[in-house]
There are 2 protein chains.
Amino acid sequence: MARSTNTRFAVAVHVLTYLAGVAGERPVSSDELSASTNVNPVHVRRVLGPLRAAGLLRSRPGVHGGWELAVPAGDITLAEVWRLLQGEDPVLGLHGPNPSCEVGRGVQESLAVLDRAVADAVADELSRFTVHDVLAGKVISRSRA
Amino acid sequence: MARSTNTRFAVAVHVLTYLAGVAGERPVSSDELSASTNVNPVHVRRVLGPLRAAGLLRSRPGVHGGWELAVPAGDITLAEVWRLLQGEDPVLGLHGPNPSCEVGRGVQESLAVLDRAVADAVADELSRFTVHDVLAGKVISRSRA
DNA sequence: CGCAACCGCAATCTTTATGGTTACGAATAG
DNA sequence: CTATTCGTAACCATAAAGATTGCGGTTGCG
């Protein structure tokens with residue numbers, strides 16, 4: 001889990017926030033979202049797929065098509081977004097230790113437990129915030145809350 | 001943060017646990033650690049560098065050389081290990097949004113705050129465990145605690 | 001002293017994941 | 001029919017991660 005190069009969560013949060021800002025006005029094209037996020041429109045669509053599948057977003061093709069929120073911004077926690085994009089992938093990178101080494105086997109089991117615990121901790125933290133909070137600039141550090 | 005391919009934390013935990021298991025007997029060569037972890041010995045040394053710099057480990061070259069714990073296993077929390085290896089790298093992958101887009105700027109600020117909060121949450125979770133816990137097989141999931 | 005065992009470190013190589021690009025079909029107005 | 005939009009697959013370019021190579025320095029032992 002060192003330096004993450006995967007920007008999908010950040011892009012998703014960005015897009016959801018953008019859509020929350022225009023909520024109800026009009027669908028927003030992936031081209032427009034691309035301009036805001038600086039991410040390729042095809043990639044935007046790729047990232048948003050799972051969120052649509054989960055019912056957070058709606059998309060329609062054609063003229064006047066685009067994306068819009070399918071639920072209120074205040075009902076979308078960042079934890080949910082994160083879980084949808086993270087899926088079952090491990091959070092901690094796991095190595096493949098020598099199976100014939102007893103220490104390694106025990107460590108691998110412990111790491112699997114830790115991975116789940118860490119994923120839950122991340123989700124718990126993110127569950128404190130919604131897309132509406134982001135839009136309203138309410139995501140501030142705890143020490144200042 | 002999706003699928004982490006960085007195995008450094010896992011390798012470090014593995015090695016620390018292994019060394020805790022032979023504590024005081026003898027220094028352990030990176031070749032032996034390589035055999036257990038299935039990770040190249042040069043890479044093992046590379047991973048362990050920061051831990052040695054922080055005083056958790058000692059290494060010596062030459063005949064009968066190798067690595068050993070510099071502090072008791074029960075005094076090494078996994079949070080400390082994680083922090084040492086993670087450094088200041090972001091946990092959440094951040095994209096580079098269009099600077100002239102107001103939404104993007106706000107989101108970027110929020111994501112920076114979230115990144116710190118998530119890193120703290122991870123560290124908090126990992127601070128519940130020490131290398132000794134891993135060795136003793138005491139890392140179990142919470143729901144079973 | 002020579003040799004083997006070890007670490008420290010840099011440079012290079014190989015593999016893999018990520019996001020960009022291209023292409024094209026399907027769906028939607030005007 | 002044309003233009004606009006999404007959905008999706010395949011391919012491309014790049015960066016990150018770990019492996020490999022090379023070599024110097026340090027440490028016992030015969």
[N] [atom2] sits how many Å from [X] [atom1], rounded?
X     : N      : atom1 : atom2 : answer
A:N6  : C:dT18 : CG    : P     : 5 Å
B:R52 : C:dG8  : CZ    : C1'   : 7 Å
B:D89 : D:dA15 : CG    : C1'   : 14 Å
B:L48 : C:dG8  : CG    : C1'   : 12 Å
B:H95 : C:dG20 : NE2   : C1'   : 16 Å
A:R46 : D:dG7  : CZ    : P     : 13 Å
A:E68 : D:dT5  : CD    : P     : 14 Å
B:R26 : C:dA5  : CZ    : C1'   : 14 Å

Between D:dA17, C:dG20, C:dC7, which nucleotide has the shortest distance from any of its atoms to the side chain of A:V39?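 Selected nucleotide (nearest to the side chain): C:dG20.
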Honestly curious: do [X] and [Y] fall in one hydrophobic cluster under the side-chain, below-4.5 Å linking rule?
X      : Y      : result
A:F9   : B:V113 : yes
A:V139 : A:L16  : yes
A:V103 : B:V131 : yes

Walk me through it: do B:T37 and A:N98 pass the test side-chain contact (heavy atoms from CB on, under 4.5 Å)? CA-CA 6 Å; B:T37 59; A:N98 184 349; over 6 Å; no
Could you tell me whether the side chain of [Y] reaches within less than 4.5 Å of the side chain of [X], counting heavy atoms only?
X      : Y     : answer
A:L33  : A:L48 : yes
B:T130 : B:D75 : no
B:Q108 : B:H95 : yes

N/O to N/O distances under 3.5 Å, protein versus nucleotides 23-25 of chain C:
none

Applying a 4.0 Å non-hydrogen cut-off, can you work out what A:R58 is touching in the nucleic acid: base, sugar-phosphate, or nothing?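 Answer is nothing: A:R58 stays at 4.0 Å or more from every strand.
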Heavy atoms under 4.0 Å, any strand shown: does B:R60 hit a base, just sugar-phosphate, or nothing?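 Answer is sugar-phosphate: B:R60 comes under 4.0 Å of backbone atoms only.
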With the criterion being N/O to N/O and under 3.5 Å, what pairs connect the protein with nucleotides 13-15 of chain C, and how long is each?
none

Its dot-bracket string being built from Watson-Crick and G-U pairs below 3.5 Å, with | for another strand and [ ] for crossing, DNA chain C has the pattern ||||||||||||||||||||||||||||||
Counting only heavy atoms not in A:H43, do more than 12 fall under 6.0 Å of its NE2?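 Yes, because the 6.0 Å sphere around NE2 of A:H43 holds more than 12 heavy atoms from other groups.
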Step through the shown structure and confirm whether more than 12 heavy atoms of other residues, nucleotides or ligands are within 6.0 Å of CD on A:E88.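 No.
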side-chain N/O [X] vs [N] OP1/OP2, d < 4.0 Å:
X     : N      : answer
A:N40 : C:dT21 : yes
B:T5  : D:dA16 : no
B:T7  : D:dG18 : yes
B:H64 : C:dA4  : no
B:S29 : C:dA5  : no
A:S59 : D:dC6  : no

One thing to verify: whether A:R83 and A:D120 come together as a salt bridge, which I'm taking to mean a side-chain N less than 4.0 angstrom from a carboxylate O.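 Result for this pair is yes, salt bridge flagged.
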Lys/Arg-Asp/Glu bridge criterion (N-O < 4.0 Å) met for B:E68, B:R52: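 No, this pair does not count.
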Toward the 5' end of DNA chain C, which comes first, A:V63 or A:N38, by nearest nucleotide?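 Of the two residues, A:N38 wins.
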With rounding to the nearest 0.5 angstrom, report the CG to CG distance, B:L85 to B:N6.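 Reported value, rounded in 0.5 Å steps: 8.0 Å.
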Quick one: pull up CG in A:L51 and CD1 in A:I76 and give me the separation to the nearest 0.5 Å.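 Result: 8.5 Å between the selected atoms.
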If you assign each of B:H43 and B:G62 to its closest nucleotide in DNA chain D, which residue comes earlier from the 5' end?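 With B:H43 and B:G62 compared, the 5'-side residue is B:H43.
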